[in-house]
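Let me begin by presenting the structure, written as structure tokens, before commenting on it.
Remember, it's 1-based here, ligands and their atoms both numbered in the order they're listed.
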Amino acid sequence: MKDVYSIDDLVSRSLLDEGADLPARLAVLGLPVAHSLSPQLHQPALDQISSGVRYIRLEVEPTRVGEALDALQALDFIGANVTVPHKFEALSVVDDVDEDAQALGAVNTVLFEDGRKLGFNTDGPGFVRAIHEEFLVDVKDLRIMVLGAGGGAGQAIAAQCAREGCQRLVLVNRTIEKAHQLAARLSRYFESERLEGPGERLEVIPFESSLLITESDHIDLIVNTTSVGLKRTDPSPLPTSCLQPHHLVYDTIYNPPRTRLLGEAHQVGARIANGLALLLYQGVLAFELWFPGQRPLETMRTSLQATVHSASGTL
Ligand code: ATR
């Protein structure tokens, strides 16, 4: 058994399952993938429903996602998760793409069915559920600022907010062109009969203090999707003066559990939550695609909390 497998391990069932109790029939594809928590999220749930399935990590180089999925399909896998940086490539190699994945422009879950590769995206719907669980509010009712809207995660979350019909969407990105490109794709969701034009409900701004401060009066939910905060020494991606007590602040980072952004938001009296619920719900929704009717939410939550707790103790 290996912590991380490669495409070379997919040549035969006997090689892949050497030393393992259960056959590998689900995998997460990424690069790097050794840090992925998906096995810890899914394996206890697979065991709980007596699936007889092992979940593995598979390291795949860019341009080889199609080849990897073909090999998994030939080995009778149920499906796969796809993580950074392969979510865009996966969209282009599956046979069919569901509506969410199409709208979000990325695939994070694959189901093999009747010889076909079906692509889904549970990141967007997972985000909506996470916000509801953490803050008891609906994305559609909120004015939302997405920090890092040009990145992979940021684009998916911003697109989901737009599809939900959120009240306002402010896209913030260091490389401003990427945010403009996304805004162009999303503008159709903001063309309504309301008095404000799309320009006012959908805005793009750079990471510049004065603009962020002015905007923050008109925002309910701030979402960090940048990688700023992953290291404990990182600063907050947002100046403290932007944070207000009425804000809900969601950081997609879950380790460390309280980033500097969340710490500062908490201090001003804002409500805060980290990315654990997003990780949990995108996983539960993927599980339901592979095993219709099964929803091992609490098993997955317990396992994830234990994993992250022990990881943060050692980091
Ligand atoms: P992923 O696809 O996993 O979201 P990514 O594409 O590397 O990862 O995106 C990371 C996001 O964090 C991007 O929005 C990136 O901004 P750029 O598009 O300008 O690169 C943002 N980011 C990373 N480091 C940052 C920093 N120091 N300040 C502001 N934004 C940063």
Side-chain angles (χ1 to χ4, degrees), residues 28-38 57 59-63 65 81-92 100-101 103-109 119 121-124 126-127 130 144-162 169-186 203-213 215-216 222-243 249-256 259-262 264-265 274-276 278-279 282-283:
V28 55
L29 280 60
L31 183 77
V33 75
H35 65 283
S36 169
L37 294 185
S38 289
R57 296 185 184 90
E59 188 167 285
V60 178
E61 297 77 32
T63 75
V65 174
N81 282 131
V82 181
T83 187
V84 179
H86 297 321
K87 294 182 188 185
F88 303 109
E89 192 180 336
L91 179 81
S92 63
D100 283 319
L104 273 49
V107 160
N108 82 329
T109 304
N121 193 313
T122 65
D123 288 331
F127 174 74
I144 301 169
M145 177 187 276
V146 179
L147 308 175
Q155 285 189 38
I157 285 174
Q160 187 71 31
C161 293
L169 185 59
V170 177
L171 307 175
V172 186
N173 207 55
R174 182 179 56 180
T175 314
I176 196 81
E177 304 82 61
K178 288 203 240 167
H180 278 300
Q181 281 166 15
L182 178 65
R185 279 208 290 126
L186 301 184
E203 284 191 42
V204 172
I205 59 170
F207 268 108
E208 192 186 300
S209 295
S210 59
L211 293 171
L212 290 167
I213 291 168
E215 280 298 335
S216 64
I222 297 171
V223 187
N224 178 41
T225 69
T226 75
S227 44
V228 183
L230 275 173
K231 285 189 245 119
R232 280 176 193 276
T233 49
D234 278 350
S236 168
L238 207 58
T240 317
S241 44
C242 294
L243 296 165
V249 183
Y250 194 82
D251 202 326
T252 58
I253 295 170
Y254 52 83
N255 192 6
T259 56
R260 195 165 297 240
L261 168 67
L262 292 185
E264 291 179 355
N274 70 26
L276 216 55
L278 172 56
L279 181 63
Q282 65 76 30

Taking a cutoff of less than 4.0 Å between a non-hydrogen atom of the residue and any ligand atom, is P237 in contact with ligand 1?
no
Worksheet item: Is a side-chain donor-acceptor pair under 3.5 Å present for D251 with N224?
Response: yes
The reported gap from CZ in R260 to OG1 in T233 (rounded to nearest 0.5 angstrom) is 8.0 Å
Closest to atom 9 (O) of ligand 1 among protein heavy atoms sits G151 CA, 3.4 Å
Quick look: R174 vs ligand 1, heavy-atom contacts under 4.0 Å, and the answer is both
| query | Are any of the protein's heavy atoms under 4.0 angstrom from atom 7 (O) of ligand 1, yes or no? | reply | no
- request: Check step by step if side-chain contact (heavy atoms from CB on, under 4.5 Å) holds for N274 and T259.
  value: CA-CA 8 Å; N274 70 26; T259 56; over 6 Å; no
So for N173 against ligand 1, with non-hydrogen atoms under 4.0 Å, the contacting part is side chain
Atom 19 (O) of ligand 1 sits nearest the protein heavy atom T175 OG1, 2.5 Å
Return yes if a side-chain donor-acceptor contact under 3.5 Å exists between N173 and T175, otherwise no.
no
Q. Is the closest N or O pair between A153 and ligand 1 shorter than 3.5 Å?
A. yes
Any nitrogen or oxygen of V84 lying under 3.5 Å from a nitrogen or oxygen in ligand 1? Just yes or no.
no
Rounded to the nearest 0.5 Å, the CG atom of L147 sits from the CG atom of L261 at a distance of 7.0 Å
d(Q160 CD, D123 CG) to nearest 0.5 Å is 9.5 Å
The option among G148, G152, P85 carrying the non-hydrogen atom nearest to atom 2 (O) of ligand 1 is G152
Output for pair (T225 OG1, F127 CZ), nearest 0.5 Å, gives 9.0 Å
d(C161 SG, L169 CG) to nearest 0.5 Å is 6.0 Å
When distances are taken from atom 28 (N) of ligand 1, the protein heavy atom at minimum range is V228 CG2, 3.7 Å
### Query
Do N108 and T122 have a side chain donor and acceptor closer than 3.5 Å?
yes
closest protein heavy atom to atom 23 (C) of ligand 1 is S227 OG, 3.3 Å
Geometric N/O contact T225 with ligand 1, under 3.5 angstrom: no
Short version for T226: what comes under 4.0 Å of ligand 1, heavy atoms counted, is both
